[in-house]
Protein chains: 2
Amino acid sequence: MALRLAALSHPARIEILKRLSASACCSCREVVDHLDLAQSTVSQHLKILVEAGLVRFEADRQRSRYAVDHAALAGVSASLTELVNSCCPSFSPKRHD
Amino acid sequence: MALRLAALSHPARIEILKRLSASACCSCREVVDHLDLAQSTVSQHLKILVEAGLVRFEADRQRSRYAVDHAALAGVSASLTELVNSCCPSFSPKRHD
DNA sequence: ATCGTCCATCGCCGATAGACGATGAAGGGT
DNA sequence: ACCCTTCATCGTCTATCGGCGATGGACGAT
């Protein structure tokens, strides 16, 4: 769990996640254009996200495709929620359904 | 948000959070006894958690008191949930109530 | 006043993260 | 064949993390 959270604990990677989900095009280049970071840096962040299991990677020829693993991301969220609940079961945070 | 998640992205700090919430006694010493880490290290982790706003600190004489800020913790969880939702609004993770 | 306890802080260190440029591999276009 | 684009990887640099022991301050007890 700490590993997943560590992957999320960087502003650039959160931006990358948003970008990945916002656009149908999920190439590394796409992210680089929007993020004002060097291509190597973005590639590195993507690698971290993939290794954390939060992003899936498909090598479509040389056009690499990255996609958010929604289930995994939701899983992290659920884990965190579980931690919150285990820490303070009597505390009921408002949930917006 | 990344800051909060960074504070959570360390196994020791997660353990500390659990310990803080499990016990009514929230002294630094208490945590040290249960965590097999040096006192200075625990104090450092506590400081990080406090700076992240996840733990509240009350200097009760020399007996320092640490307590989980349930609302803040729930807030992080909510933020993450929000991120998940914004990333994939059509995706409905199973919630176990 | 002196000791012991609890705690925060400092200094130090090895390891890791995060950024970059350079390089090379893989393909597409001409 | 040649070039251009895309991308991953490598090497390097700096900054930060994470751990520890040591130190010193604050306080209670004797």
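Protein chains get the first letters and strands the later ones, always in sequence-line order, with residue 1 at the start of each.
- No contact: B:L46 has no heavy atom under 4.0 Å from any strand.
- Between the side chain of A:S40 and the base of C:dG21, a donor-acceptor pair under 3.5 Å is found.
- We find that CD of A:Q39 is positioned 11 Å from C1' of C:dA22, with the value rounded to whole Å.
- Taking the side chain of A:K47 as heavy atoms from C-beta on, and the options D:dA8, D:dT9, C:dA8, the nearest nucleotide is D:dT9.
- For B:S23 and B:E30, the side-chain atoms include at least one donor-acceptor pair closer than 3.5 Å.
- The CD-P distance, from A:E51 to C:dT16, rounds to 14 Å in whole Å.
- When each of C:dC20, C:dC7, D:dA8 is scored by its nearest atom to the side-chain atoms of A:Y66, the top-ranked nucleotide is D:dA8.
- For C:dA19, the OP1/OP2 oxygens have a side-chain nitrogen or oxygen of A:H45 closer than 4.0 Å.
- Across all strands shown, A:Q44 has no heavy atoms under 4.0 Å from either base or sugar-phosphate atoms.
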Query raised in the report: side-chain contact (heavy atoms from CB on, under 4.5 Å) between B:E51 and B:L3: does it pass, once the steps are laid out?
Result: CA-CA 10 Å; B:E51 284 176 350; B:L3 288 177; over 6 Å; no
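- At whole-Å resolution of the value, CG in B:D36 and P in D:dG18 are 18 Å apart.
- Distance A:L49 CG to C:dG18 C1': 14 Å, rounded to the nearest Å.
- Put simply, CD on A:E30 is 15 Å from C1' on D:dC7, counting in whole angstrom units.
- At the phosphate of D:dA8, OP1 or OP2 sits under 4.0 Å from a side-chain N or O atom of A:S43.
- In this structure, CD1 of B:I16 is placed 13 Å from P of C:dC7, rounded to the nearest angstrom.
- Take the nearest nucleotide of DNA chain D for A:R29 and for B:T41: the residue whose nucleotide is more 5' is A:R29.
- Atom C1' of nucleotide D:dC17 and atom CG of A:L5 are separated by 17 Å, given to the nearest angstrom.
- The side chain of B:C28 lies closest to C:dC7, out of D:dG21, C:dC7, D:dG19.
- For the pair B:L37 CG and D:dG18 P, the computed distance is 12 Å after rounding to whole Å.
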Report task. Could you give me the CA-CA distance, side-chain angles and deciding distance for A:L54 and A:D69, then say whether side-chain contact (heavy atoms from CB on, under 4.5 Å) is met? Result -> CA-CA 5 Å; A:L54 298 179; A:D69 188 328; 5.7 Å; no
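- Partner of A:E15 under the side-chain contact (heavy atoms from CB on, under 4.5 Å) criterion, out of A:L37, A:L35, A:D36, A:L20: A:L35 alone.
- Between B:V50 and B:R56, every side-chain heavy-atom pair lies at or beyond the 4.5 Å cut-off.
- Listed pair A:H10 / C:dT16 fails the phosphate criterion, with no side-chain N or O lying under 4.0 Å from OP1 or OP2.
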